[in-house]
Amino acid sequence: MAGQSRKWMILAATIWIQAFTGTNFDFSDYSSSLKSALNISQVQLNYLATASDIGKLFGWSSGLALMHLPLSLVLFIASALGLLGYGLQWLALNNFITLPYPLFFLLCLLSGLSICWFNTVCFVLCIRNFPVNRPLALSLTVSYNGVSAALYTLAANSIDPSSDALYLLLNALIPVVTSLVALVPILFQPPLNSLSRSPEAAQRNSVIFLILNFLAIFTGTYLLLFASSTSDKATSRLYFGGAIFLLISPLCIPGTIYARDWFHQAIYYSFRMEGSGFILVHVDDLELHRELLTRQSSTLSNGDGHNLLSENGSMNGSQREKTGSVGCDRILDQDKLVMLGEEHTAAMVVKRLDFWLYYVTYFCGGTIGLVYSNNLGQIAQSLGLSSSISTLVTLYSAFSFFGRLLSAVPDYIRNKFYFARTGWLAIALIPTPVAFILLAASDSAAALNTGTALIGLSSGFIFAAAVAVTSELFGPDNVSVNHNILITNIPIGSLLYGFLAALIYDENAQSSPRKVMGDSLVCMGRKCYFWTFVWWGGMSVVGLSSSVLLFLRTKYAYDHFERHRISTSSVS
């Protein structure tokens with residue numbers, strides 16, 4: 001019983017780490033001050049934002065470190081990387097030291113790398129302590145990474161709302177403090193043999209996860225309402241204390257373990273939540289997926305599913321024969337996936353049309369949302385809304401958090417309403433082009449707030465759902481390699497989209513009446529980002545079209561998997 005309680009303390013510690021280590025989301029809060037202090041152009045500022053994303057390409061180093069070092073030491077290496085990266089930037093911004101621009105680029109890269117190391121620690125904690133509810137644990141904890149910007153805004157307003165450089169100091173120190181606090185439950189992790197792996201345990205725990213998801217929604221709503229309020233320091237400290245209380249509240253869950261039989265009888269049967277049959281696999285969550293595929297393979301070898309696979313193959317072949325002469329149908333049917341979870345090596349993945357449709361979907365969807373958040377500071381400043389930058393960053397952060405939570409909804413409702421995950425991905429992309437059309441059409445504060453919320457919601461969903469989609473389409477054994485190939489689009493997109501926006505910004509700053517901040521030109525007016533929004537909106541339409549094609553090409557494989565799951569469950 002003690003082991004069962006301690007695992008929920010581990011979950012709470014993981015939530016704290018995720019909530020306070022999404023430090024890349026508050027870049028817009030201090031980007032204008034950084035640009036002014038360094039006397040750099042918008043293009044050079046974009047390179048600094050890109051450097052953080054490039055750091056994520058080296059995230060594999062954290063997995064290598066965990067093979068030789070204890071998890072607690074890896075946690076503190078992650079905090080040390082962030083302390084070094086952000087701390088030296090803060091010292092330079094406050095004129096304590098002088099750093100050249102290339103060193104700033106390297107420090108931003110280290111800061112991005114620290115985020116990857118923190119994420120790896122969180123993934124391992126969830127995987128070790130929730131053997132039968134890993135997907136739910138991962139989706140819940142990863143969602144909290146989206147509220148980091150809102151939390152840092154509250155913390156900064158509690159100390160000195162007028163200091164943008166303060167965000168860099170908080171980015172350096174708060175993850176270190178969080179690591180120290182989380183160390184206690186991490187050092188007292190329950191033995192693996194004390195954790196129940198039975199289906200009954202999974203069902204009982206699912207109720208607790210449902211409660212935690214409702215708590216997460218309340219936390220996100222609280223931060224959305226109060227994080228960016230223009231109040232005095234005392235009120236901001238009160239709001240920040242309320243946010244800390246909400247983050248600590250999951251610690252109450254261990255006490256409910258002793259009453260879980262009551263929960264099981266009073267709530268579970270009335271709600272009747274079935275365990276998810278989807279392959280909910282995170283980048284490190286391979287064992288659960290393999291077990292599912294092993295059961296499927298066993299069923300097929302016994303002859304129960306042989307006809308299904310034969311039907312899939314024959315139907316796929318007949319469809320190709322019937323539609324071979326039709327261009328559109330050939331695109332939909334040529335070399336499409338015939339089953340979910342089939343293993344693909346990296347060499348196989350890059351040869352598949354489905355992968356490149358998926359790559360374009362991510363590149364023109366979630367990555368655009370990330371680049372938009374990096375430019376929020378300059379966007380608000382150009383429209384004369386500099387005082388609203390914290391509000392916009394909080395808005396993006398909160399709705400990104402809600403989007404991440406929504407990515408788990410299809411698995412809660414799948415027994416009542418089934419839809420392929422690639423279809424949900426396509427639906428999640430719709431708000432992005434709508435937002436850019438709105439932003440291009442109007443320069444009002446209402447349009448900016450609405451567009452920011454829509455983009456945050458869309459990109460948050462994509463970030464949270466992407467790893468599961470990678471696992472389902474291209475198999476679990478090579479998911480870490482395949483997903484790392486996919487996310488190469490983030491630094492590429494950050495560079496290209498940001499470079500485009502910076503060029504348009506600088507060109508308009510040169511051709512318009514000049515406003516100088518430090519030695520840097522500042523562009524003012526709607527024209528600064530109008531064509532950027534048009535271009536980004538067009539690219540997001542390309543991403544939406546690609547996601548629809550991906551859905552149409554994979555729909556049969558998802559439907560086949562669902563039919564087989566239902567038939568297997570009926571036999572059981």
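In this text the structure is predicted, and so the values were computed from the model without any measurement.
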task = Give the C-alpha distance, both sets of side-chain angles, the deciding distance and a yes or no for side-chain contact (heavy atoms from CB on, under 4.5 Å) between L544 and T432.
result = CA-CA 9 Å; L544 177 59; T432 301; over 6 Å; no
request  = Could you please spell out the steps behind the side-chain contact (heavy atoms from CB on, under 4.5 Å) verdict for Q42 and N375?
outcome  = CA-CA 10 Å; Q42 187 68 20; N375 281 267; 3.7 Å; yes
message = Show, in sequence, the C-alpha distance, side-chain angles and deciding distance for S494 and D53, and conclude whether the side-chain hydrogen bond (donor to acceptor under 3.5 Å, both in side chains) test is met.
response = CA-CA 7 Å; S494 181; D53 297 323; 2.8 Å; yes
message = Determine whether V181 and F20 satisfy the following criterion, side-chain contact (heavy atoms from CB on, under 4.5 Å), listing intermediate values before the conclusion.
response = CA-CA 12 Å; V181 174; F20 286 109; over 6 Å; no
request  = Carefully, step by step, assess D164 and D29 under the rule side-chain contact (heavy atoms from CB on, under 4.5 Å).
outcome  = CA-CA 6 Å; D164 293 340; D29 280 308; 5.9 Å; no
key: side-chain hydrogen bond (donor to acceptor under 3.5 Å, both in side chains) between Y505 and T532, worked out   = CA-CA 9 Å; Y505 182 96; T532 298; over 6 Å; no
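Of the N and O atoms on the side chains of T14 and T141, not one donor lies less than 3.5 Å from an acceptor on the other residue. Residues Y372 and T452 bring a donor and an acceptor atom of their side chains to less than 3.5 Å of each other. In this structure, a donor-acceptor pair under 3.5 Å is present between the side chains of Y86 and T23. In the model, Y359 has a side-chain atom that pairs as donor or acceptor with a side-chain atom of T488 under 3.5 Å. In summary, the side chains of S236 and N157 do not present any donor paired with an acceptor at a separation below 3.5 Å, with no hydrogens or angles considered. Using modelled atom types, one finds a donor on one side chain and an acceptor on the other under 3.5 Å when comparing T367 with N489. A donor-acceptor contact under 3.5 angstrom links the side chains of T470 and Y358, judged on distance only.
One distance of note links CG of L84 with CG of L106; it measures 8.5 Å at 0.5 Å rounding. In this structure, CD on Q18 lies 8.0 Å from OG on S148, to the nearest 0.5 angstrom. The CG atom of D506 sits 10.0 Å away from the SG atom of C528 when rounded to the nearest 0.5 Å. Interatomic distance, D26 CG to L376 CG, rounded to the nearest 0.5 Å: 12.0 Å. The structure places CG of L438 at 10.5 Å from CG of N449, a figure rounded to the nearest 0.5 Å. For the atom pair CG of L88 and CG of L110, the computed distance is 9.0 Å after rounding to the nearest 0.5 Å.
Remark: side-chain polar atoms of S373 are paired, donor with acceptor, to backbone N or O of L370 under 3.5 angstrom. Counting only distance, with no hydrogens or angles, the side chain of T361 and the backbone of S547 share a donor-acceptor pair below 3.5 Å. T153 contributes a side-chain N or O that, together with a main-chain N or O of A149, makes up a donor-acceptor pair within less than 3.5 Å. Between the side chain of E472 and the backbone N or O of V469, no donor-acceptor pair lies under 3.5 Å. Proximity of a side-chain donor or acceptor of S444 to a complementary backbone N or O of A447 within less than 3.5 Å is detected. Counting only distance, with no hydrogens or angles, the side chain of S545 and the backbone of V541 share a donor-acceptor pair below 3.5 Å. Listed for the S458 side chain is no donor-acceptor partner under 3.5 Å among the backbone atoms of I455. With hydrogens and angles disregarded, no donor-acceptor distance shorter than 3.5 Å links the side chain of W117 to the backbone of V74. A donor-acceptor pair under 3.5 Å is absent between the side-chain atoms of S382 and the main chain of M524, judged by distance alone. The main-chain N or O of S158 is never found under 3.5 Å from a side-chain atom of K233 such that the two would form a donor-acceptor pair.
Between F399 and F402, the ring centre distance stays below 6.0 Å. A distance below 6.0 Å separates the ring centres of F419 and F551. The aromatic ring centres of F436 and W535 sit 6.0 Å or more apart. Aromatic pair F363/Y497: centroids less than 6.0 angstrom apart.
A 6.0 Å sphere centred on OH of Y101 holds more than 12 heavy atoms belonging to other residues, nucleotides or ligands. For CH2 of W356, the number of neighbouring non-hydrogen atoms (other residues, nucleotides, ligands) closer than 6.0 Å is greater than 12.
Residues Y167 and S390 are in side-chain contact: their nearest non-hydrogen atoms beyond the backbone lie under 4.5 Å apart. You'll find the side chain of L246 stays beyond 4.5 Å of the side chain of L223, heavy atoms only. Inter-residue side-chain proximity for N508 and W531 is flagged as unmet; no heavy-atom pair is nearer than 4.5 Å. When side chains are defined from C-beta on, I15 counts as touching P250, because their heavy atoms get closer than 4.5 Å. Counting heavy atoms from C-beta outward, Q378 and L45 have side chains that approach closer than 4.5 Å. Contact of the V147 side chain with the F25 side chain is not registered, since no non-hydrogen atoms from C-beta on lie closer than 4.5 Å. At least one side-chain heavy atom of L168 sits under 4.5 Å from a side-chain heavy atom of L93. Looking only at side-chain heavy atoms (C-beta outward), K527 and I504 stay at 4.5 Å or farther from each other.
What you find for S249 and L215 is that their closest heavy atoms are OG-CD2, 3.3 Å. The minimum heavy-atom distance linking L224 with T394 is given by the pair CA-CG2, 4.5 Å. Residues G366 and F463 come closest through the heavy atom pair O-CZ, 3.3 Å. Closest approach of N46 and F499 over heavy atoms only: ND2-N, 3.2 Å. Smallest separation of non-hydrogen atoms from A435 and L454: CB-CB, 3.9 Å. Contact between Y47 and F105 at its shortest, heavy atoms only, is O-CE1, 3.3 Å.
Checking each of T120, L180, I17 against L75 for a side chain to side chain contact (heavy atoms under 4.5 Å, CB included) leaves exactly one that passes, namely I17.
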